[in-house]
Amino acid sequence: MTQEMDPAITRSAPAAPAAGAARETLEDYTLRFAPRSYRRWSPGVVGVTALGGIAYLADFSIGANIGIAYGTVNALWGIAVFALVIIATGLPVAYYAARYNLDLDLITRGSGFGYYGSIVTNVIFATFTFIFFALEGSIMAQGLELGLGLPKWLGYIISTVVIFPLVVYGMSLLSTLQVWTTPLWLVLMVLPFAYLLIAHPDSLGTFFAYRGEKGQGAASVGSVMLAAGVCLSLIAQIAEQIDYLRFMPPKTPDNARRWWTATLLAGPGWVLFGAAKQAVGLFLAVYLIAHTADGAAVANEPVHQFLLIYQDLMPAWLAVTLAVILVVISQIKINVTNAYSGSLAWTNSFTRATRSYPGRLVFLAVNLVIALVLMEANMFDFLNTILGFYANMGIAWIVVVATDIVVNKYLLKISPKVPEFRRGMLHPVNPVGFVSLLVAGGVSILAFFGGLGDGIQPYSPLVAIVLGIVLPPVLAVATKGRWYLRRTDDGIDLPRFDEHGNPSSAVLPCSVCHQELERPDMTASGKEPGEYVCSLCLSTDKTGEYVLPAQA
């Protein structure tokens, strides 16, 4: 563990971050490599904690919305496309996070974007966290209105305020919260679906025959892609999974199987649970529409989906109680993750842009305020449009990073195989990823709004995927990879990795903040020969005097 910073030392070294930054158990290594001394959880605990973050009920709303719009057949095919894309793109980035103990921003820096270039992807990710916080908070407010009679505006406030104290202590508290709430959540989630299959087997026939509001019925490629586009707004969920996976313990011959199992299930494997929830959400929505007079009006609201089934099983008062408990547990489990990841993303962007570090908790509050504004603006009524638009930039980002890892690092060997994130080691901007993102995201958004013609409009997610795959290797070859690394030598003789390829646990003192930090987080000082500087002090160095000069 790191040591507390002496305030007197902080005052005498203006390049050092604020004293609060040294409290890494609170800050959760926001801008850093996650050191081995802090990663004391087993692969199983990390995996369960990461999967606890997908307890959200938005999948039920998304599945219901796309099914109501395009019919069951098109919705299910769209969900299948979504799952395949998530698995293909999520595997390489999840592996890098667990293997090298870096969040997706740090991975993105060295995967084609550069030290400052990845700020734009942080903004994309932060947008994801507050959009989905607002969506989940809206669902929680629906539950509070149903169970307690609270007006939605008050429910929005409660669902926001209650999250703040739960996120303050980062992974230390979140791991406990997710592990202990998961069993109850699973029982409440699975019970209604299992009951319908057993007690009402005819509901399956009704489900597959449902044609949607537009009555399309048979599969349509355009409708499938429109449905997939809405689902693919969740592609940035892998970044939230990675915010937990970066705390995986070192991979050794003794724990290799458990390490891989946790990494695969908690990484790209999250989509198996997500896709299942979307399909179940559509199933419950169709049942609600078919069996209640006003079912169509609330079929996309998870609290009503579950309430209807619970009422068939138990007294009304208990049904309402359990429905509200399910909603509250689910929304707390996911929104602590949304708030936590959003605070990391905003802090990363602000610190690099301004070279000052206000602390993660400041941006935790910022993210919650933005989400609350969205909730009060009733974003739930425009869900498909918001998610379909956002999906284009999210897809472009994740596909570009995954392509750089798989193609540019492993196949072409142009991009450095070992991820780099430290200031001074990277160029400010790398056109390989940065330009690829802007072109892929920009063109796909243009297609989404019909700018490339009505025939292309449903395929905007495919446009983002294709351009995100093609452009990074083309630009890497065209630039000969010269914009990946500003330096290949960080000036430290100690190896960065141990005999198993894990980041080294060797400790070095930072000459600026006077903390002792692990080798992968350090570089030699550009100011004092023979001394070292940590990555956070480099990030907040306004003069650049500690940054190593570029190599020829």
Side-chain angles (χ1 to χ4, degrees), residues 62 65-66 69-70 74-75 77-93 104 108 111-113 117-118 120-121 123-125 127-128 131 216 219-239 268 271 275 278 382-408 431-478:
I62 290 172
N65 278 326
I66 62 174
Y70 308 113
N74 290 312
W77 277 112
I79 291 170
V81 171
F82 150 72
L84 289 174
V85 173
I86 296 297
I87 290 172
T89 57
L91 178 57
V93 294
L104 192 50
T108 298
S111 297
F113 283 80
S118 69
V120 67
T121 67
V123 174
I124 293 172
F125 180 44
T127 303
F128 170 87
I131 285 176
Q216 297 187 20
S220 158
V221 176
S223 295
V224 168
M225 292 308 301
L226 285 169
V230 175
C231 297
L232 281 168
S233 62
L234 291 166
I235 193 169
Q237 176 65 33
I238 190 63
V271 77
Q278 289 173 6
F382 309 98
L383 184 61
N384 276 10
T385 301
I386 292 173
L387 298 186
F389 165 74
Y390 173 81
N392 295 285
M393 291 305 293
I395 292 168
W397 167 36
I398 302 299
V399 171
V400 166
V401 174
T403 300
D404 191 84
I405 292 173
V406 174
V407 179
N408 293 353
V432 173
F434 189 77
V435 173
S436 296
L437 169 69
L438 295 183
V439 173
V443 173
S444 62
I445 288 175
L446 185 64
F448 177 79
F449 286 110
L452 301 181
D454 293 341
I456 301 294
Q457 188 171 16
Y459 303 99
S460 65
L462 193 58
V463 171
I465 291 171
V466 171
L467 290 176
I469 292 173
V470 171
L471 290 176
V474 169
L475 290 173
V477 171

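The structure displayed is predicted, hence computed values, not measured ones. Residue numbers count from 1 along this sequence.
Between L104 and T121, every side-chain heavy-atom pair lies at or beyond the 4.5 Å cut-off. With a 4.5 Å cut-off on side-chain heavy atoms, Y459 and V221 count as touching. For the pair Y70 and L226, the minimum side-chain heavy-atom distance is below 4.5 Å. In this structure, P431 and L475 have side chains that are not in contact, with every pair of non-hydrogen atoms separated by 4.5 Å or more. No side-chain heavy atom of V230 sits less than 4.5 Å from a side-chain heavy atom of Q278.
Of the inter-residue distances, the one linking S233 atom OG with F82 atom CZ reads 8.0 Å to the nearest 0.5 angstrom. Distance check: L462 CG to L467 CG gives 9.5 Å after rounding to the nearest 0.5 Å.
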Please list, one pair per line, the donor and acceptor atoms closer than 3.5 Å that link side chains of residues 85-92 to other protein atoms, with sequence neighbours excluded.
{"unit_1": "T89", "atom_1": "OG1", "unit_2": "V85", "atom_2": "O", "d": "2.8"}
{"unit_1": "T89", "atom_1": "OG1", "unit_2": "I86", "atom_2": "O", "d": "3.4"}

Do any side-chain atoms of residues 435-458 form donor-acceptor pairs under 3.5 angstrom with protein atoms, and if so which ones, sequence neighbours left out?
{"unit_1": "S436", "atom_1": "OG", "unit_2": "V432", "atom_2": "O", "d": "2.5"}
{"unit_1": "S444", "atom_1": "OG", "unit_2": "A440", "atom_2": "O", "d": "2.9"}
{"unit_1": "S444", "atom_1": "OG", "unit_2": "G441", "atom_2": "O", "d": "2.9"}
{"unit_1": "Q457", "atom_1": "NE2", "unit_2": "F448", "atom_2": "O", "d": "2.9"}

Tell me which donor-acceptor pairs under 3.5 Å the side chains of residues 396-406 have, and how far apart each pair is, sequence neighbours excluded?
{"unit_1": "W397", "atom_1": "NE1", "unit_2": "T108", "atom_2": "OG1", "d": "3.4"}
{"unit_1": "T403", "atom_1": "OG1", "unit_2": "V399", "atom_2": "O", "d": "2.7"}
{"unit_1": "T403", "atom_1": "OG1", "unit_2": "G468", "atom_2": "O", "d": "3.4"}
{"unit_1": "D404", "atom_1": "OD1", "unit_2": "N408", "atom_2": "ND2", "d": "2.9"}
{"unit_1": "D404", "atom_1": "OD1", "unit_2": "Y484", "atom_2": "OH", "d": "2.5"}
{"unit_1": "D404", "atom_1": "OD2", "unit_2": "S415", "atom_2": "OG", "d": "3.0"}

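Annotation: side chain to side chain contact (heavy atoms under 4.5 Å, CB included) contacts of V474 (sequence neighbours excluded): V470. Remark: S460 pairs with N392 by the side-chain hydrogen bond (donor to acceptor under 3.5 Å, both in side chains) rule, at least two apart or across chains. In terms of the side-chain hydrogen bond (donor to acceptor under 3.5 Å, both in side chains) criterion, residue partners of S118 (sequence neighbours excluded) are, by chain and number, D105, R352.
Residues N74 and A227 approach most closely at O-CB, 4.1 Å, considering heavy atoms.
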